[in-house]
Every structure is written in C-alpha cells, then in structure tokens.
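Indexing begins at 1, ligand by ligand and atom by atom, following the structure's order.
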Amino acid sequence: MTTNKIAGLANTVPSIDSIRSAIAERRTTAFAVAEDYFARIKKEDAEIGAFLTLSEDRAMAQVERIHKLAVAGDPLPPLAGVPIAIKDVMVTRGVRTTAGSKILENFIPPYDCTAVARLEAAGAVVLGKLNCDEFAMGSSTENSAYRPVRNPRDKTRVPGGSSGGSAAAVAAGMAVATLGSDTGGSIRQPASFCGVVGLKPTYGRVSRYGLIAFASSLDHIGPFANTVKDAALVLRTIAGRDPMDATSAEVPVPDYVAELEKPLKATTHDGSGGTSPEGKLRVGVAKEYFGSGLDTEVLAAVEKAIQKLALLGCEIVPVSLPHTEYAIPAYYIVATAEASANLARYDGVRYGFRAKGAKTLAEMYRETRDGGFGMEVKRRIMLGTYALSAGYYDAYYLKAQKVRTLLTRDFDEAFKKVDVIAAPTAPTAAFKLGEKVDDPLAMYLADIYTVTANLAGIPGISVPCGETREGLPIGLQIFGRHFDESTVLRVAYAYEQDQGRSRGARPV
Ligand code: GLN
C-alpha cells in the first residue's frame, strides 16, 4: 500500500489537510512526518528512482519552523509540515539542480524558483528534487542522464514523462504533492500513467521564474497530487502574478478549494452570446481526440467517464477541433526552435559542466556541449536550429506559428459552446521501459492529446478514470477556458468524488 504510517494519522493516504491538522492538533509532529517520508524514500526509491537529490537540511530547517509554531499553538499556514518534492527543472537555492542533465551535474543555484518559494512560505517541507527527462524533453523519463524512473504501479513500465519522477513520487507515497512542468503534456501524461492527478494551469497563471527553460512559450509549472482537492490547494498557493516573470498574468486567483463544491452549472456563454447561469454545465467531446491510435481499453474507460459526467448533470455536446492533426508537427517545430535558443547558454562558461583539456575557446564550447548533452537534447537543438535558419524560417517556424493560431481558434470556437472539453490524456496506458527509446517519432505521439493545450495556453487536468485489464491506470483529461482552472477542477472533483476513492489508497 502507499499508506504511510504516521503516528496520529488515520491509516489512509495522507492528504494536505490531514497532515496539517494532525500537526496543529499535536497528534503528530512535523519531525515525525518528515522522518517517515525520508524513511520511505530510502526504502522504496532505490527501485523506483524518482529522486535525484534529497534536501534533508533544508527540510529539517523548515520542520523546525513549523514545529515551533505548533508548540506555541500559533496558527499554522495552509501547507504546514506537508512533505513535497520538486521536479529538478526548478531551481532551489543551495540544493543541486540538474534538469536531468549531465551539463548541470554540479549546479547549485543561488536562488529559488517562485513556485517553490511560495510553497515553502505556505509551510511545505521540500524533501528533494525529482528525476525527469533531460531538460524536460521526453515522454517516458528514459532521457534522464542519471537513471530511468520506474512506474510504481508496474515496475517494468515507464512512469511517463518528462515529469516521471514527480508522478511516481506521489503514486508511491514518497511525497504528498509534487511540482512538475508541462511543455507538451509532461504533467498530465505521467499523471495518467501513474494513476494520480496532474494539472497544467493556463499559460501565465503560475510564474516561470526559476524554471529552467525548455520552450518558453509552452512551459508551465503545475501540481501532482493524490486528489483533486490537494492539486487545487497547491495551485492556489503557487498561482498569481510575480514581478520576476513578465509573462505571469495580473489575473485574480480564485479560491480553487472553496469553488470545488459549487454545483456543476454552465459558467458563461451558452453559444448564443448570452449567459445561462442556471443551465447545465456543458462538456464538449471532439471526435478528433477519439481517432485511430487510441487504445480500445483507454477509449472504453474515457467514454464511460464521459457518460458518468452526463449522469452527474452535465450536458454532453459534440464539438469540432479540426486542426488537431497538425498539433504534433507544429509543437515539435515551436518547441525545438525555442529549445535551441534557450539551450545556447550551456557553454561551459556560465554553468556547471566544462570539458577539460580543450585548446581553444571554440573547442571548449564544442566539447562541453558534446559531452554534457544527451542524444535527445542534441536532436532537438539541431532540429530547432534548422527550423530557425535563414531560408527555412518561413517554411517551418512561421508556418508552425500560424498552425498554432488555428489550433487556438479551434478552442476559442469550441468554448463558445461548452464550458470544458473531455478527452483521453494519452492514447495508451504506460508502456514498457525500452519499448520506444529507439523510435523518437513513436515517443512523440504519446503527447498527441496533450500538446494542443500547451500551444493554445489553456488549462488541462488529468484525473484517473479506470484501469486496463492489466491494472494500468488510465487518465481522463479535462480542458478549460483560459484562466478557468476553477471549472476544470470542479468537474474533475465531482467525477473523483463520484468514483469515491482516493487514488493513492490503491495498492502499488
Ligand atoms: N514529450 C514532450 C516533449 O518531449 C513534452 C515534454 C514536456 O511537456 N516537457 O517535448
């Protein structure tokens, strides 16, 4: 079981609230909670490989702060004593941050990522840094320069990627919640593969300050958790304008947790330009997300989940997203183009690894990048450099940007008719380790249903909706309008409550 036996906590999967209140009511201490999680990591993680670095000193300093508040009977902040962990693409002051790459093997950042700082300010205890595909490039976490991560639900399979460590840590009960990053699906797809909840917010909702850039116009930070409510709590903590990120939006952050219980009613437009506050919440279903390549067991589970949403009082409405088939090619042009620019900074001068023995500056650059980057990263830098080069820019990059606009318009049109859109998160359940490593194009297709939300910047969540015959988790994806994470969370919550079980409580 993923159950952690913390004295004073009921024998279920600990939630953020259960841990915080157990500490506040002195049924346990922040020390006992942190020790329990570190012990579990030391026992389980040798096999799973979710953690790259443990931050015990930093965690214990925070534990002491929380403990003092608890002993004094002072009010505890909302995430007090809650053990969390961070994908290793977010910088942490004084704690090694590698981005899963050899080129940053010994990089100790001098500052904190805003999302991490906000979680700590809310009382969370950072246990460590989580394994991921190198620079978040991948769909299986097999591109980590350190080691692959194994799926806690079936250790012969991948946890998904690139935030595989973040999904696996929650699924294996090694953290209550984690942060991941999602550039083309890297929160939602691993959440689906590991049977946990994963949320990619709207572009601009969460500051990217301190997120090691892969593709800046597509990168998002978001939470993994066992329950929709915990994901809502983490999002509420990290969301909102940050003066350190000019792309973070000046949009008020609702109380996502308070809004979870609101009835499933239509939010704004009813398609005729008016509003229908009393109407049913409308769930769009697009045939483009149910075409060839979709596994039959995934299809059956997602269809059943959509029927369940109808039984819960939603109206199911067919919508059309006609440019979906161009999403993967457009994504791989935009993402690689931006990556080629972002990764130019790793030259052996400014950060981390530097090749030894080079005789000239040019040789040093070349050897550093050759020795420091892995295969997939090099492939992307080459693709991106090509797409941006004079003579090809219009044919590839500009064309991809136009397709991006068409995809965004597809969603804008659909959201005039519906409040959310339901789809599978991934075309299959978790695949075997090694199954796709030699076939990058097959690997890229693992994101066929997720990249569209990154190109359009809309929010999306993956919530568990069943299992295959082999017991592998399947994810239901729910997209929403820009900055309407509330409705996305509310629909996911209603569905989850109806399922009546909490993900992590199931056997691993
Ligand atoms: N799998 C996609 C890629 O390799 C998405 C990765 C991500 O979301 N970080 O680019």
Atom indices of ligand 1, in the order listed, that fall short of 4.0 Å to a heavy atom of [X]:
{"X": "Y331", "value": "2 (C), 3 (C), 5 (C), 6 (C), 10 (O)"}
{"X": "D182", "value": "8 (O)"}
{"X": "A136", "value": "6 (C), 7 (C), 9 (N)"}
{"X": "D447", "value": "1 (N), 2 (C), 5 (C)"}
{"X": "G138", "value": "1 (N), 2 (C), 3 (C), 4 (O), 6 (C)"}
{"X": "T183", "value": "7 (C), 8 (O), 9 (N)"}

R96 to Y146, cation-pi by 6.0 Å centre distance and 45° axis angle: yes
salt_bridge(R40, D45) N-O dist < 4.0 Å: no
SB check R469 E297 (cutoff 4.0 Å): yes
Side chain, backbone, both or neither: R380 near ligand 1, heavy atoms under 4.0 Å: side chain
Any A335 heavy atom less than 4.0 Å from ligand 1: no
Within-shell test, Y444 vs ligand 1, heavy atom, strictly < 4.0 Å: no
Residues in side-chain contact (heavy atoms from CB on, under 4.5 Å) contact with A85, at least two apart in sequence or another chain: F51, L130, A175, T178
F373 and Y346 aromatic ring geometry - parallel, tilted or perpendicular at 30°/60° bounds: perpendicular
Ring-ring centroid check Y331 Y444, cutoff 6.0 Å: no
Within-4.5 Å side-chain heavy-atom neighbours: Y289 and T452: yes
Set of residues satisfying side chain to side chain donor-acceptor pair (under 3.5 Å) with respect to K87, sequence neighbours excluded: S162, S163, S181
Geometric N/O contact S181 with ligand 1, under 3.5 angstrom: no
Polar contact flag for F214 and ligand 1 (N/O pairs, less than 3.5 Å): no
Atom 7 (C) of ligand 1: nearest protein contact (heavy atom, Å): S186 OG, 2.4 Å
